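Just so it is clear, the model here is predicted, and its values are computed rather than measured.
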Amino acid sequence: MVSIYVRGEDKTRQITDWEIKTANGDGLSLVCHFLSGKKFFSPLEDCKVVPTREVKGQLLRKKGSSVAAPFETAAIYGEKYAVIQYSAGRKKYAYKLGDIEFVTATQMKDEPVFRYFHSVANARIDHAEPEERPIAENVLRQVDAIIASADTALNAYCTGQNGRYEQTAGFIFPFGINESQLQAVEQAFTSQISLIEGPPGTGKTQTILNIVANILMRGKNVAVVSNNNSAVANVCEKLGKSGLDYLVATLGSRENREAFFANPRPRPSTEPDAAPSMERIQFVLQQLKVLLSARNAVAQLQIEIDELEVEQRYLQQWQQDNGVQIANLDKYKLSPQKTTDLMAYLTHLAGGRVRIKDRIELLFNFRILRTRPFDNWEKRKSAFYGLQLHYYDKALQEKRAALASHQQALHMGNYQALLDELTSASMKCLKQHLHQHVPNPGAFTAENYRDLFDGFLKRYPIISSSTHSIINSLKRGTVLDYVIIDEASQQDIVPGVLALGCAKNLIIVGDRKQLAHIPAKLDMPAPKDHYDCEKHSLLDSCVSVFNGVIPTTLLKEHYRCHPRIIQFCNQQFYDNQLVPMTQDSGEKPLSLLVTAKGNHARENTNQRELDSLLAMFEGQGESVWEDAGGRGFIAPYKDQVALSRKLLPADFVNETVHKFQGRECDEIVFSTVLDKKSNAQDRLDFVDDARMVNVAISRAKHRFTLVTGDDVFTKNKGHIAALVRYIEYYAEKGQLHRAPLISAFDLLYTEYDQSLERLNTRLRREDSEFKSEQIVAQILRDTLDQETCRGLKFQPQIELNQLVSTNNTNLTPREREFMRNAASCDFVLYYKVGKTPLGVIEVDGGSHDTPEQAERDALKDSILNKSGIPLLRLRTVESLNEERVAAFVSQWATGVSMA
């Protein structure tokens with residue numbers, strides 16, 4: 001019951017209806033409709049409506065809107081109208097109560113967790129490089145702009161309270177499906193926050209697209225964001241291939257927004273194809289669910305069969321090499337399990353005699369009545385070896401039978417036809433729904449779209465942006481229905497919280513076993529370890545905050561790498577949970593290149609690994625490495641990457657492992673850089689990090705080559721040591737390359753290849769106090785001992801002013817000063833007759849990497865160049881020095897024998 005008073009007079013029984021409207025100017029009026037049909041306007045402040053209640057401390061949004069706003073007070077008149085004052089002393093607005101809704105506000109922004117995020121964003125401004133400072137300032141502005149709404153994913157994250165929903169049905173899969181993707185899509189709609197773990201090559205993008213499709217079918221909107229634009233661009237590109245990119249507003253940075261509004265994608269004008277009923281789609285889906293499990297079983301069985309065949313070949317080779325006697329035990333018809341049990345029992349018997357108890361055991365457990373074939377140790381060994389072969393024969397027989405059974409089930413169930421029908425029908429259903437519910441384009445511009453934001457979201461229900469710019473892209477106060485964060489393992493918590501602050505529901509997609517972001521070091525204590533921005537990615541943080549209470553789906557089916565490549569990652573990092581769906585057609589996917597012994601690493605480079613790689617290419621033939629999918633060289637250190645760009649063919653993609661994450665090539669070469677002298681544990685741990693190794697290997701689609709030093713990672717007993725063992729076990733002998741390139745300078749190291757021992761014994765201490773120069777002196781002697789070079793000789797340590805006149809007018813004052821300071825050349829070549837200086841050879845050790853020595857080297861190079869004297873520099877980290885010396889000397893060889 002509502003009572004109406006105007007200027008203190010009760011008008012309730014005289015009126016048929018009442019309303020509140022905006023009067024002339026900024027005031028509000030109470031409009032009374034009388035029985036006579038007349039209506040009278042009175043200033044609202046002169047009237048009283050009973051009941052009237054006041055609302056404070058909440059947010060207001062219009063029904064159907066995604067935008068909420070804080071307000072000062074709300075007066076609710078007769079549960080029919082709400083008069084809102086957004087800020088004290090400002091204009092009041094009247095709304096029908098049925099047209100608006102109140103959203104609970106929280107004190108989240110005043111709590112320690114949010115204050116910590118704000119402090120981190122603020123501190124990063126001071127720590128940012130000048131070119132990155134505007135980005136940091138922009139993030140802080142957006143953190144300030146977050147609204148404290150109780151229904152956001154950010155509030156759930158800050159409080160650790162995850163909302164749960166009832167299981168829904170009616171899912172569509174227009175982008176294809178497998179068993180774990182089906183589970184991931186269904187799980188995403190059961191919880192306010194859910195997690196999809198997507199190891200490399202498992203179809204994360206396809207899963208995201210199917211989730212987006214089901215969000216659209218439910219009339220909701222979604223933002224797809226990532227720390228890097230390439231991940232979001234991949235989603236948008238796939239939508240475009242299906243003709244759905246007209247739904248996407250590519251926002252984010254100012255440049256992206258301007259480009260989007262300058263060329264908006266038109267809404268399709270033609271009627272889409274008729275769609276099957278939702279009932280038919282769900283019927284097909286239910287039939288397909290049974291077959292998806294069979295499809296995974298086929299792939300898993302094929303992997304297991306391949307593994308057994310490799311083990312069987314090794315066993316047969318060992319037995320053949322050792323000439324073992326093998327008993328034929330087929331007559332006992334033992335299963336694989338009984339076979340292993342009997343092997344264990346024979347091991348238990350060892351050399352002892354067969355007792356009555358053993359006879360009973362053999363009879364009842366294995367149906368073996370006659371024990372004569374097992375009555376001594378030699379017979380038992382022969383039986384044991386026979387059982388080993390028997391096990392593999394029977395296990396392979398059983399698995400091949402199971403494989404054939406599942407393949408038959410897929411064939412009889414029309415698996416591929418059902419999958420094609422589900423995908424096609426789902427896409428038609430989605431397009432029909434969108435045609436009916438997405439309005440015609442409005443006149444949206446970069447300047448006005450925020451003012452028309454609810455209409456804009458209906459036209460563009462998918463927002464793409466980087467996490468750094470998502471709040472900038474929206475109208476202030478917007479809370480979208482969903483946000484999907486891709487590559488969340490690389491997502492810094494701040495600015496990741498920006499995405500959580502502008503959506504009700506969060507779907508995190510990433511892989512905790514891939515490389516994380518590298519945060520700035522601020523040494524700011526977090527209120528709880530879960531939220532520590534320097535320790536955790538957003539993905540790791542969410543897993544820790546919710547501690548197992550968020551639905552988590554692992555995408556298991558792997559489609560990128562050759563099975564032999566991904567199986568290492570599967571066994572080493574994913575507990576054999578992945579199911580490789582690619583085929584092994586007898587390729588040679590694995591190669592191992594172990595460089596010669598020695599300390600070849602300098603700082604963060606290792607030229608020997610690159611030289612050895614080039615030598616291996618030359619031996620294989622370059623055509624082996626030329627494929628349309630490209631090839632990549634990756635290393636843990638940017639210095640090694642920079643060196644590779646100078647030495648490797650131009651068609652290589654060269655990047656650090658961190659920067660190559662998210663990309664792929666037909667083949668990948670992974671250089672580990674370190675040598676045995678680089679034994680600092682922190683350096684070994686950095687390169688041998690599980691995430692580093694996992695990312696490096698899983699970039700390769702068809703071929704993977706590991707380039708590493710001899711025995712460098714063995715003591716670490718980590719992932720690279722395991723990788724070396726894995727490649728040695730599965731790769732063919734022709735793919736295992738050890739020390740393809742040996743340099744005379746390897747004699748400088750404690751460990752060196754034994755093929756250099758003869759040269760080592762011939763070195764002369766009188767040549768130099770430095771072993772590097774002793775080596776070059778002996779190389780020169782061996783080179784000049786050839787018939788064509790016997791007219792030449794060399795002299796060590798010749799001062800520059802004996803080769804070059806200081807009167808040379810081309811020399812600079814600094815160069816003349818350098819010569820006067822007794823600068824010398826390591827080796828000078830002469831003709832024996834006439835003693836004309838022909839060329840200079842310099843030996844550059846590790847000290848030549850210092851700026852001071854580099855300046856002296858540059859002076860010497862310039863002086864010799866201006867004097868017309870050729871120069872050959874030999875770096876002790878380089879290889880092929882014997883060949884380079886021979887080529888340098890050959891330009892003065894006479895070609896005439898001196899005999």
If you round to the nearest 0.5 Å, how far is NZ of Lys793 from CG of Leu780?
13.5 Å
Check whether the side chains of Thr205 and Asn234 place a donor and an acceptor atom closer than 3.5 Å, and report yes or no.
yes
So do Lys597 and Asp753 actually touch side chain to side chain, heavy atoms under 4.5 Å?
no
Can any side-chain N or O of Ser862 pair as donor or acceptor with the backbone N or O of Ala858 at less than 3.5 Å?
no
Specify the closest pair of heavy atoms between Asp584 and Gly586, including all atoms of both residues, with the distance to one decimal.
OD1-N, 3.0 Å
Please assess Glu728 against Arg738 for the test salt bridge (charged side-chain N to carboxylate O under 4.0 Å, His left out), listing each intermediate value before the final yes or no.
CA-CA 11 Å; Glu728 288 176 334; Arg738 287 193 171 269; 2.5 Å; yes
Heavy-atom pair with the smallest gap, counting every atom of Arg608 and Ile742:
NH1-CA, 4.3 Å
Taking atom CZ of Arg645 as the centre, does the number of heavy atoms from other residues, nucleotides or ligands within less than 6.0 Å exceed 12?
yes
Can you tell me which residue among Tyr831, Phe794, Tyr830 is in a side chain to side chain contact (heavy atoms under 4.5 Å, CB included) with Leu838?
Tyr831
Measure from the side-chain N and O atoms of Thr850 to the backbone N and O of Gln853, and report whether any donor-acceptor pair falls under 3.5 Å.
yes
Between Thr761 and Arg758 (side chain of the first, backbone of the second, donor and acceptor by atom type, cut-off under 3.5 Å), is there such a pair?
yes
Which distance, rounded to the nearest 0.5 Å, do you find between the OG of Ser879 and the CG of Asn881?
7.0 Å
Residues Phe827, Gln795; criterion side chain to side chain contact (heavy atoms under 4.5 Å, CB included); working and verdict
CA-CA 6 Å; Phe827 297 95; Gln795 290 291 334; over 6 Å; no
Count the heavy atoms belonging to other residues, nucleotides or ligands that lie under 6.0 Å from NZ of Lys866, then report whether that count exceeds 12.
yes
So does Arg814 have more than 12 non-hydrogen atoms from other groups sitting under 6.0 Å from CZ?
yes
Could you note down all residue pairs passing salt bridge (Lys or Arg N to Asp or Glu O under 4.0 Å) where residues 878-892 supplies at least one of them, sequence neighbours left out?
Glu878-Arg884
Residue pair Ser671 / Gln640, side-chain donor-acceptor N/O under 3.5 Å
yes
Plane angle bin for Phe568 and Phe573 - parallel if under 30°, tilted between 30 and 60°, otherwise perpendicular:
perpendicular
Note, Pro796 side chain near Asp826 side chain (heavy atom, < 4.5 Å)
no
Validate the cation-pi geometry between Arg631 and Phe617: distance from NZ or CZ to the six-membered ring centre under 6.0 Å, angle to the ring axis within 45°.
yes
Rounded to the nearest 0.5 Å, the CG atom of Leu706 sits from the CZ atom of Phe713 at a distance of 8.5 Å
Run Lys676 and Asp711 through salt bridge (charged side-chain N to carboxylate O under 4.0 Å, His left out) and show every step you take.
CA-CA 7 Å; Lys676 290 184 76 171; Asp711 211 24; 3.7 Å; yes
Give me the atom names and distance for the closest heavy-atom approach of Val139 to His468.
CG2-CD2, 4.0 Å
Distance alone, cut at 3.5 Å: any donor-acceptor contact between the side chains of Ser768 and Gln774?
no
Does the side chain of Arg691 come within less than 4.5 Å of Gln514's, by heavy atoms?
no
Tell me whether the rings of Phe888 and Trp892 are parallel (<30°), tilted (30 to 60°) or perpendicular (>60°).
perpendicular
Rounded distance [0.5 Å steps], CG in Leu648 versus CG in Leu610
5.5 Å
Side chains of Thr250 and Asn256: donor-acceptor distance under 3.5 Å anywhere?
no
Polar side-chain atom of Arg133 near backbone of Ile125 as donor-acceptor pair, under 3.5 Å:
yes
Do Arg790 and Asp785 have side chains that get closer than 4.5 Å, going by heavy atoms?
yes
Taking atom types as modelled, find out whether Asp675 and Asn599 have a side-chain donor-acceptor pair closer than 3.5 angstrom.
no
Answer yes if the side chains of Asn604 and Arg683 hold a donor-acceptor pair under 3.5 Å, and no otherwise.
yes
For Leu763 versus Lys771, what's the shortest heavy-atom pair and its separation?
CD1-CE, 3.7 Å
Between CG of Asp492 and CD1 of Ile518, what distance do you get to the nearest 0.5 Å?
11.5 Å
Answer yes if the side chains of Gln607 and Arg602 hold a donor-acceptor pair under 3.5 Å, and no otherwise.
no
Decide yes or no for Thr595 and Leu741: does some side-chain heavy atom of the first lie under 4.5 Å from some side-chain heavy atom of the second?
no
Closest approach of Ser824 to Glu842 (non-hydrogen atoms, all atoms of both residues)
O-OE2, 4.2 Å
Can you confirm if the aromatic rings of Phe670 and Phe633 lie within a centre distance of less than 6.0 Å?
no
Kindly say whether the aromatic ring centers of His600 and Tyr749 come within a distance under 6.0 Å.
yes
Check: Thr812 main-chain N/O paired with Glu815 side-chain donor or acceptor under 3.5 Å
yes
Taking the side chain as everything from C-beta on, heavy atoms only, tell me whether Asn865 gets closer than 4.5 Å to Asp861.
no
Heavy-atom count check: over 12 atoms from other residues, nucleotides or ligands less than 6.0 Å from Glu817 CD?
yes
Of Glu587, Glu667, His702, the residue whose pairing with His562 passes side chain to side chain donor-acceptor pair (under 3.5 Å):
Glu587
Can any side-chain N or O of Ser743 pair as donor or acceptor with the backbone N or O of Phe745 at less than 3.5 Å?
yes
Within 45 degrees of the axis of the six-membered ring of Phe660 and under 6.0 Å from its centre: does Arg663 put its NZ or CZ there?
yes
Taking atom types as modelled and ignoring hydrogens, do the side chains of Gln778 and Arg781 form a donor-acceptor contact shorter than 3.5 angstrom?
yes
Heavy-atom pair with the smallest gap, counting every atom of Val673 and Pro636
CG2-CD, 4.0 Å
Taking atom types as modelled, is there a side-chain donor on Ser489 or Asp511 under 3.5 Å from an acceptor on the other?
no
